[in-house]
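Worth knowing before you read on, the calculation uses all heavy atoms, side chains too, and leaves out hydrogens, waters and symmetry mates.
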Amino acid sequence: ILFEDRPYGLQKLNLCSFIQSIKGHEQGNSSASIEKLLQRSLKELKRVKDLHQKIVPLRQDSIKGLSLASKFGAGQERGGEFFDLVKGDKECILMMTSSSSYVASSIILSHFEILRNSENLSSELVDQFLEDLYSELRSKSLEIDSENFGILILRVDLGRMKMQGHIFGKFQIVSSTRENIDGNELDFNPYFFEKSFVDRTLNRGEKLLVFSPGMVANLKEKKSDAEISGIFDSLIEKDSKEALHEAFFQVDRLKSGSFFKYDCTALSLEVDQNVIVQI
């Protein structure tokens, strides 16, 4: 396997070793042929990546002091994922959900529209949104355990760059400060509000990459937990757009058909280097 971001010399050495292992004899005179093959392979890999970036669109948003980009890929399994953003004058609310039920997804969207039309995007509003959502999902006997349902909702105070909210499910958040936030296996329930609570102050220039349960599940089809963590950690060093494109390319290369197995979503959130923060 060739990787565009690996050193050229290392890839050439690996390819030589690979050919020798298959042929079972010395390839002393094959250096020039290997170099040509490697160059063609890397060129083709770049072409495929560029094509994939055009096929899977990128959504971009800008708020006071924050730059956001998100990307979504459709899967074959029932249910789906959803990401949206509500902008206020002094705060914003990010929500990402994952569900195995189309009915649950529809209910989430209807409740989010109520939240979107609210005048004051307070922390209390977020808690009320979660309680109301839980009540309706339970009233319809829908599966909202950690295997079938996940929700991440974060409120960012744009004046203090304070991020608070809740995470239910196997989301993964990687930070450029290396203070990553792991997902969990908590069932969606007000009883676990305290355990699911997230409270972080964002730094100037800090970048967060948020990966949905579907993104993790697609990678777990062929990758170990350690390999997935390694992929996510390596992406934080890249430009935000490039990181999202690369995340989807890593999932795309593992799929067996035209679609991903599960819906998947990735989000980049970056704080302006010169943002003015209240103390």
Side-chain angles (χ1 to χ4, degrees), residues 79-86 91-101 104-105 107-109 111-112 114-115 118 121-157 160-203 206-220 224-226 228-229 232-233 236 262-267 269:
E81 294 193 342
F82 170 76
F83 165 75
D84 210 343
L85 167 71
V86 179
E91 61 282 302
C92 68
I93 294 177
L94 317 170
M95 185 181 74
M96 190 181 291
T97 68
S98 178
S99 174
S100 62
S101 164
S105 296
I107 291 172
I108 294 167
L109 292 177
H111 279 268
F112 195 73
I114 297 173
L115 187 150
S118 301
L121 303 180
S122 63
S123 297
E124 291 75 19
L125 178 67
V126 172
D127 288 345
Q128 188 62 53
F129 163 80
L130 291 173
E131 290 175 5
D132 292 345
L133 177 60
Y134 170 78
S135 295
E136 183 166 359
L137 292 172
R138 285 293 296 167
S139 70
K140 291 184 169 49
S141 301
L142 295 169
E143 294 179 316
I144 51 176
D145 58 275
S146 61
E147 289 298 318
N148 294 286
F149 186 89
I151 183 168
L152 173 150
I153 185 163
L154 300 171
R155 177 185 178 274
V156 182
D157 180 328
R160 299 184 298 154
M161 282 301 158
K162 186 85 169 175
M163 182 178 76
Q164 294 180 320
H166 295 270
I167 298 177
F168 289 91
K170 299 171 184 177
F171 297 87
Q172 293 293 317
I173 302 180
V174 181
S175 169
S176 56
T177 66
R178 299 301 177 182
E179 296 177 43
N180 298 346
I181 301 174
D182 294 327
N184 55 59
E185 296 185 358
L186 296 174
D187 294 342
F188 180 50
N189 191 313
Y191 179 79
F192 295 120
F193 274 10
E194 185 175 347
K195 287 185 178 180
S196 67
F197 186 64
V198 174
D199 187 358
R200 279 278 300 276
T201 298
L202 301 174
N203 301 306
E206 183 175 0
K207 178 170 61 183
L208 297 178
L209 296 177
V210 184
F211 301 102
S212 70
M215 177 71 74
V216 175
N218 277 301
L219 289 170
K220 285 192 80 167
S224 67
D225 289 343
I228 294 171
S229 295
F232 290 162
D233 287 341
I236 200 67
Y262 307 100
D263 277 10
C264 50
T265 313
L267 166 70
L269 185 155

Using every non-hydrogen atom in the two residues, find where N180 and V174 come nearest and quote the distance to one decimal.
OD1-CA, 3.4 Å
Nearest-0.5 Å distance that lies between atom CD1 in I153 and atom CG in L115
5.5 Å
Assign the ring pair F129 / H111 to parallel, tilted or perpendicular, where the plane angle (0 to 90°) is split at 30° and 60°.
perpendicular
So which atom in A266 and which in F211 form the shortest heavy-atom distance, rounded to 0.1 Å?
CB-CD2, 4.0 Å
Quick one: does any side-chain atom of S98 pair with a main-chain N or O of G214 as donor and acceptor, under 3.5 Å?
no
A side-chain contact here means heavy atoms from C-beta on lying under 4.5 Å apart; do L208 and L202 qualify?
yes
Applying salt bridge (charged side-chain N to carboxylate O under 4.0 Å, His left out), can you list everything that pairs with E91, at least two apart in sequence or on another chain?
R155
Atom CZ of residue position F197 - does it have more than 12 heavy atoms of other residues, nucleotides or ligands inside 6.0 Å?
yes
So do V210 and Q172 actually touch side chain to side chain, heavy atoms under 4.5 Å?
no
Residue pair I173 / V198, side-chain heavy-atom distance below 4.5 Å:
no
Q164 versus V126: any side-chain heavy-atom pair under 4.5 Å?
no
Do I151 and H166 have side chains that approach each other closer than 4.5 Å (heavy atoms only, starting at C-beta)?
no
Just so I know, are the side chains of M163 and V156 near enough to count as touching, which here means a heavy-atom distance under 4.5 Å?
yes
Do E143 and S101 meet the criterion of a side-chain donor-acceptor pair at a distance under 3.5 Å?
no
side-chain contact (heavy atoms from CB on, under 4.5 Å) partner of F188, the single match among T97, L142, L130
L130
Tell me, which pairs form a salt bridge (Lys or Arg N to Asp or Glu O under 4.0 Å) where one or both residues lie in residues 123-142, sequence neighbours left out?
E136-K140
So CG of D199 and CG of L154: to nearest 0.5 Å the spacing works out to 11.0 Å
Evaluate the side-chain proximity of R160 to T201: yes if any heavy-atom separation is below 4.5 Å, no if none is.
no
For the backbone of I167 and the side chain of N184, can you confirm whether one donor and one acceptor N or O come within less than 3.5 Å of each other?
yes
When rounded to the nearest 0.5 Å, the distance separating CG of D84 from CE of M96 is 11.0 Å
Atom of L125, atom of S118 and distance for their closest heavy-atom approach:
CD2-CB, 3.6 Å
Considering only residues two or more places apart or on different chains, which pairs with a residue in residues 144-154 satisfy salt bridge (Lys or Arg N to Asp or Glu O under 4.0 Å)?
E147-K170
Show the nearest heavy-atom pair for residues F83 and T265, with the distance to one decimal.
CB-CG2, 4.1 Å
Backbone of S212 reached by a side-chain donor or acceptor of E81 within 3.5 Å
no
Looking only at non-hydrogen atoms, find the nearest pair between V216 and F232 and report the distance.
CG2-CE1, 4.1 Å
Report yes if the side chains of M95 and V86 come closer than 4.5 Å at any heavy-atom pair, otherwise no.
no
Keeping the roles fixed (side chain from D187, backbone from N189), state whether a donor-acceptor pair exists under 3.5 Å.
no
Are more than 12 heavy atoms from other residues, nucleotides or ligands located less than 6.0 Å from atom NZ of K162?
yes
